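All values reported here derive from a predicted model rather than from experimental measurement. Convention: sequence-line order gives letters A, B, ...; per-chain numbering from 1.
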Amino acid sequence: MSGKLIILGLGDAFAPIVSLAKTIPDFDDVQVCDLVTADGYTFSLPDMTAYPKEEWRAFVALDERGLNMARTQAVAELKLRGYKLATLVAPDAVLGADAVVGENCLVGRGAYIGDGTRVVFNSYISDRALVGNHCVINKSCFVGKGVTIDNKVVLADFVTLGTGVHLQEGTQVGKSSELRHRKSYGGTIADKTFYLDIFPNPVEIISPL
Amino acid sequence: MFRSDLPPDIYLSEKYLDLENKKIFRDMWMFAGVRSTLSSKSAFLTRTIGGVPVVITTDDGVTLKAFENLCAHRQMPIQSKAFGKRALVCPYHAWSYDHHGCLRAVASAELYQMRQSEKDGIKLREFAIEVIGNFVFVNLADKPRPIGDQFSAEFLTQIADVTSYFDPQYAYTTFEVDYNWKFNLENVMDYNHIPFVHTQSFGGLIKRKEAASEENQFREDVVWDAEEARKATVALPELSYYGTAEMSLKPRWYTDLVRRYGDRDLYYSWHLYPNVNFCSVAGEWFLIQQYEPISPKRMRYHLWVTTAERLNKKRDLTALMVGLMQAEKKIIDEDVVFLNNLQRNLHTGASSALHGAYEYRLIRLGKWYRDNVLAGEV
């Protein structure tokens with residue numbers, strides 16, 4: 001571990017993640033850098049000559065939703081440039097036996113990751129979220145504060161879980177779905193299903209069948 | 001000014017909804033869905049039209065059929081989801097139907113002791129269907145009028161043209177509100193409520209003068225004769241129309257990602273009588289809204305959002321569509337506050353609406369309703 005961490009980001013996630021990183025003993029030098037954006041939707045990396053890849057690890061801090069994709073693009077660009085990506089685990093988070101947390105993943109304060117669970121890549125597990133045993137949190141997911149996930153749950157890529165959501169044992173959440181109704185979900189949830197606060201029923205994406 | 005002679009009861013009474021179901025929803029061509037969502041084998045969508053459950057399906061992605069969505073056996077809905085891909089098989093006792101709605105097979109057939117002649121006579125009730133561009137219409141009448149009697153040829157051509165710009169991917173949802181469906185229809189036809197009700201949302205984006213002159217072909221400098229309006233006869237195709245208004249928009253990040261309809265920053269709006277309004281902001285994305293009556297004082301909103309056709313099909317604009325749908329819902333919620341209040345306070349003894357010149361389309365709508373829905377019935 002180099003001890004040097006450069007965090008690139010924007011938006012609501014940025015400041016809390018920087019704050020969290022500064023509590024992690026592995027990093028003695030934490031610097032921040034804004035991603036470059038003209039429209040708030042598309043991002044590019046800034047000039048990083050002050051942070052050579054041989055000395056610095058990088059972390060991309062962008063919050064959920066459309067920005068899951070932007071975060072993915074920024075991470076891919078960093079990897080292309082040869083940067084090693086950091087994994088941020090809060091000092092008081094708990095990782096179970098054989099739990100794996102991948103690159104550019106974050107496990108927040110008081111969060112719990114169960115035995116054998118994999119947080120694969122570029123996913124955020126927010127403060128006090130509880131993830132059960134033998135779950136798979138695939139790429140570029142966002143698990144909100146206080147979410148409870150029972151055992152053997154699978155989140156496909158780009159899933160967002162809002163604050164207070166509960167997933168029952170064995171639930172499978174389809175790709176790019178967003179669950180924000182504070183309730184308990186079970187079974188299989190189709191790709192691109194959106195339970196949003198403003199709508200009583202899910203918004204579903206109909207593609208050519 | 002023009003005092004409507006339509007009683008408040010048309011917004012309150014089951015009797016009038018029954019009349020509307022008979023003379024409007026089960027007699028006219030009703031928008032039922034989007035053609036491109038029915039482009040593969042066994043694709044289907046379900047709707048309720050005039051209280052009748054309808055399934056629209058295809059066995060080859062080309063030919064569409066519309067049937068009553070009730071099994072001939074015990075009246076169970078054959079398809080239970082809003083859309084999907086599934087053969088016509090009733091989930092209750094596994095009676096299955098072919099593309100013509102004829103009974104194909106019955107599970108545990110020996111239990112029924114059904115004669116071949118009886119089996120041959122079992123067929124789902126079929127409805128007329130028309131596809132205009134990307135829009136699918138269904139007509140429940142025994143002898144449907146030609147669709148050209150409901151919409152002008154020019155209007156149908158325009159619908160076919162603009163809907164050809166739709167991307168095949170849609171965001172769709174429904175929700176219910178506590179007011180009569182006609183209040184929603186009248187509200188979307190009334191551009192003058194925008195600066196009052198939508199001040200915080202899109203009110204500032206629409207230029208009123210343009211809205212008045214283009215969308216409603218209304219000129220404030222022409223003296224309007226209420227008595228002449230009272231005498232006029234209104235033809236059904238006049239109730240469906242199209243308009244535009246200038247908008248003040250900032251640059252959008254997705255403009256160059258789609259095959260845009262037109263090249264100006266216009267608000268486009270199409271009104272399809274009786275219960276569909278679809279609009280577009282700058283020809284870059286489209287919102288379809290439909291108001292399905294549930295009871296005299298309650299309706300179900302159906303919302304579809306799509307972008308103009310993506311130039312790169314691999315570019316996922318799902319988040320954009322969902323974001324736009326949320327933004328539209330916030331605008332609708334601004335209306336809902338008012339319309340719920342209107343419904344809650346309306347009573348049989350209330351006076352009828354009083355319309356001014358700019359509301360001439362509402363006046364014509366009311367006249368058509370009186371002459372065609374109420375005539376001979378009330």
Side-chain angles (χ1 to χ4, degrees), chain A residues 10-12 35-44 62-74 76 139-142 156-162 173-181 187-209, chain B residues 33-45 57-58 61 81-86 134 166-177 250-257 300-306 313 315-333:
Chain A
L10 273 180
D12 294 343
L35 287 169
V36 179
T37 181
D39 54 15
Y41 290 94
T42 50
F43 299 85
S44 56
L62 281 171
D63 53 14
E64 71 272 33
R65 198 62 179 293
L67 299 186
N68 277 348
M69 181 61 77
R71 193 168 74 226
T72 304
Q73 290 166 349
K139 289 185 259 181
S140 304
C141 293
F142 183 94
D157 296 347
F158 296 107
V159 166
T160 296
L161 304 179
V173 185
K175 187 177 178 182
S176 298
S177 290
E178 186 169 336
L179 312 182
R180 289 189 183 276
H181 288 184
T188 301
I189 295 166
D191 290 353
K192 296 183 178 179
T193 300
F194 295 81
Y195 284 86
L196 305 174
D197 291 338
I198 197 169
F199 291 105
N201 300 318
V203 174
E204 297 178 86
I205 302 299
I206 313 175
S207 294
L209 299 165
Chain B
V34 180
R35 175 66 182 88
S36 58
T37 62
L38 295 163
S39 54
S40 66
K41 188 177 179 182
S42 298
F44 73 87
L45 60 87
T57 188
T58 176
K81 293 188 171 180
F83 56 89
K85 188 178 175 184
R86 183 178 172 273
N134 215 345
F166 287 10
D167 191 83
Q169 185 166 258
Y170 296 80
Y172 170 76
T173 195
T174 64
F175 55 94
E176 295 180 9
V177 292
K250 294 176 181 173
R252 284 80 59 195
W253 60 270
Y254 46 85
T255 299
D256 295 333
L257 303 181
R300 181 176 294 114
Y301 236 112
H302 296 260
L303 285 185
W304 295 256
V305 166
T306 186
K313 288 288 182 289
R315 179 77 190 219
D316 187 356
L317 295 181
T318 300
L320 171 65
M321 289 194 297
V322 174
L324 292 169
M325 190 169 249
Q326 287 187 103
E328 284 299 324
K329 177 63 163 49
K330 287 176 183 169
I331 293 170
I332 291 168
D333 284 346

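Using modelled atom types, one side-chain atom of B/T173 and one backbone atom of A/P202 make a donor-acceptor pair closer than 3.5 Å.
In this structure, no portion of B/L45 lies under 4.5 Å from any heavy atom of chain A.
Of the charged side-chain nitrogens involved, at least one lies within less than 4.0 Å of a carboxylate oxygen, so that A/K192 and B/D316 count as a salt-bridged pair.
Between the CZ atom of A/F194 and the CD atom of B/Q326 there is a distance of 9.0 Å, given to the nearest 0.5 Å. Here the CE atom belonging to B/M321 is positioned 9.5 Å from the CD1 atom belonging to A/I206, to the nearest 0.5 angstrom.
A search for ring-ring contact (aromatic ring centres under 6.0 Å, His included) contacts involving B/Y170 returns nothing, not counting sequence neighbours.
For the set B/E176, B/R252, B/K250, B/K330, the count of heavy-atom pairs under 4.5 angstrom toward chain A peaks at B/K330.
Other residues, nucleotides and ligands contribute more than 12 heavy atoms inside 6.0 Å of the NZ atom of B/K329.
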>> Set out, in order, the CA-CA distance, both residues' side-chain angles and the distance that settles side chain to side chain contact (heavy atoms under 4.5 Å, CB included) for B/V322 and A/I205, then state yes or no.
In response: CA-CA 9 Å; B/V322 174; A/I205 302 299; 4.1 Å; yes

>> Please determine whether side chain to side chain contact (heavy atoms under 4.5 Å, CB included) holds for the pair A/I198 and B/D333, giving the CA-CA distance in whole Å, both sets of side-chain angles, and the decisive distance to 0.1 Å.
In response: CA-CA 9 Å; A/I198 197 169; B/D333 284 346; 4.0 Å; yes

